[in-house]
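Have a look at the structure below before the remarks.
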Amino acid sequence: MTESSGSPIAVLGLGAMGRALASAFLEGGHRVAVWNRTPGKETELVAAGATAAATAGEAVRASRLVVVCLLDHTSVHDVLDPLAADLAGRAVVNLTSTAPNEARELAAWAERHGIDYLDGGIMATPPMIGRPGSSLLYSGSKTVFEEHTPALKLMGTADYFGEDAGLASLYDFALLSGMYLMFAGFTHGAAMVRSAGVSAAEFAERAVPWITAMAQTIPMATAAIDSGDYTTDVQSLDFNKAAVDAIVRASRDAGVGLDVIAPVKALIDRQVADGHGAEAFDRIFEGIRPLTPSPVR
Ligand code: FVH
């Protein structure tokens with residue numbers, strides 16, 4: 001069974017993201033009850049047709065679907081714990097960023113209280129919500145995902161990863177790790193060229209197409225990482241060690257801190273010291289992977 005387009009939805013938490021989510025539901029034709037701990041953030045939503053609930057419980061009782069977008073795991077418990085009885089039999093979609101084990105803990109809490117729980121990770125900024133490029137990842141209750149897919153799709157693309165409630169945030173945080181390291185790498189490069197008076201804006205004109213082109217080569221690394229066979233006849237770890245050592249020297253000469261590049265050098269050096277210099281760069285995976293990784297599915 002899927003919900004009707006005008007069905008009521010409660011949105012708990014009206015930070016920048018919660019407001020964007022509530023707007024998307026309103027634009028999609030839903031009746032939306034909104035609540036925030038601190039009053040005042042609901043004004044524009046109410047003008048657009050939302051109902052301001054005096055309490056979180058009031059918003060919950062008006063809706064079968066409850067979307068939660070708060071600061072963190074603790075704030076989710078702060079808000080939901082007193083409402084466990086009201087939430088029983090309803091669907092909670094928690095889009096608050098939580099670590100995977102925190103999402104699993106919330107799913108177990110919800111199960112104990114008869115609440116249908118779907119966890120989600122938002123791969124978008126508030127202005128992107130409901131627009132092309134907005135992607136949301138889900139895991140947990142398949143029933144909730146299937147029943148509410150039309151509403152979920154109002155926020156962005158909706159992908160379901162399985163019953164393990166921690167999987168969506170595992171993907172979320174893994175993707176964010178890549179993003180943070182990419183931005184950190186850009187700032188390192190920007191610091192290097194600043195020594196020659198080049199602005200970050202000018203550097204970005206070169207960096208964006210370069211990083212975009214390099215991102216296209218990521219799939220070439222996956223076979224080695226997934227199989228554990230790092231044999232290569234191009235750009236071995238020895239080759240990369242020479243390159244990164246030169247970047248370290250150039251950074252030092254330019255007066256740039258090594259905080260971003262040093263961990264990359266350390267990962268390469270470790271593999272080379274262990275006798276893997278002839279193998280591919282992707283072997284640095286072996287230096288950081290879980291000691292007992294799950295088999296590749
Ligand atoms: N904004 C973004 O770009 C990112 C994109 C990816 C996903 N994140 C996550 O979304 C969650 C909410 O983010 P946000 O941008 O809405 O955050 P804030 O604007 O800081 O709003 C936080 C709301 O949480 C409320 N809150 C905090 N602590 C409590 C509490 N103990 N009890 C009740 N509510 C609480 C806060 O209320 P108030 O301060 O206005 O009273 C805001 O409504 C977050 O997990 C991101 O990581 C967004």
Side-chain angles (χ1 to χ4, degrees), residues 9-26 32-46 48 50-61 63 65-84 86-87 92-107 109-110 117-140 151-159 161 165-183:
I9 298 176
V11 177
L12 306 183
L14 299 178
M17 186 54 84
R19 293 198 299 278
L21 304 179
S23 288
F25 295 137
L26 285 169
V32 181
V34 295
W35 173 84
N36 194 59
R37 175 180 62 177
T38 309
K41 293 185 177 175
E42 73 289 351
T43 312
E44 283 184 19
L45 292 165
V46 169
T51 303
T55 63
E58 190 179 301
V60 164
R61 288 187 291 274
S63 316
L65 174 61
V66 178
V67 174
V68 180
C69 191
L70 298 164
L71 183 65
D72 57 11
H73 176 250
T74 303
S75 56
V76 174
H77 269 303
D78 285 351
V79 173
L80 297 193
D81 283 4
L83 299 176
D86 286 321
L87 288 166
V92 168
V93 177
N94 180 29
L95 299 177
T96 307
S97 297
T98 58
N101 280 344
E102 293 171 343
R104 293 179 183 118
E105 185 280 329
L106 281 162
W109 172 86
Y117 183 86
L118 181 69
D119 203 83
I122 306 174
M123 309 311 299
T125 58
M128 292 167 68
I129 294 298
R131 293 182 167 69
S134 172
S135 157
L136 283 85
L137 318 177
Y138 298 96
S139 63
L152 302 181
K153 283 190 169 171
L154 293 170
M155 298 180 281
T157 58
D159 292 305
F161 288 84
L167 265 181
S169 62
L170 186 65
Y171 266 93
D172 181 357
F173 284 13
L175 290 166
L176 290 178
S177 302
M179 179 198 77
Y180 277 116
L181 291 169
M182 183 267 293
F183 282 126

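Whatever order the structure lists them in is the order used to number ligands and atoms, beginning at 1.
Checking only distances, L71 does come within under 3.5 Å of ligand 1, N or O to N or O. Considering backbone and side-chain atoms together, D78 places an N or O closer than 3.5 Å to an N or O of ligand 1.
Regarding atom 3 (O) of ligand 1, its nearest protein heavy-atom neighbour is P126 CD, 3.3 Å. When hydrogens are left out, the protein atom nearest atom 21 (O) of ligand 1 is G15 CA, 3.3 Å; that is the closest non-hydrogen contact. N36 OD1, 3.6 Å is the protein heavy atom nearest to atom 37 (O) of ligand 1. Here the protein heavy atom with the shortest distance to atom 19 (O) of ligand 1 is A16 N, 3.1 Å. Here the protein heavy atom with the shortest distance to atom 9 (C) of ligand 1 is S97 OG, 3.3 Å. Scanning the protein for heavy atoms near atom 12 (C) of ligand 1, the closest one is L70 O, 3.4 Å. Closest protein heavy atom to atom 38 (P) of ligand 1: T38 OG1, 3.5 Å.
A174 is linked by a side-chain contact (heavy atoms from CB on, under 4.5 Å) to nothing, counting only residues two or more places apart in sequence or in another chain. The side-chain contact (heavy atoms from CB on, under 4.5 Å) test applied to A48 returns L26, not counting sequence neighbours.
Heavy-atom proximity to atom 33 (C) of ligand 1, evaluated over V79, L136, I129, is greatest for V79. Proximity annotation for atom 35 (C) of ligand 1: of R37, K41, M17, R37 comes nearest, heavy atoms only.
Contact between A124 and ligand 1 is present, with at least one heavy atom of the residue lying under 4.0 Å from the ligand.
Short contacts between ligand 1 and T96, defined as distances under 4.0 Å to a heavy atom of the residue, involve ligand atoms 45 (O). Close approach of ligand 1 to S75 is summarised as follows: ligand atoms under 4.0 Å from at least one heavy atom of the residue are 28 (N), 29 (C), 30 (C), 31 (N).
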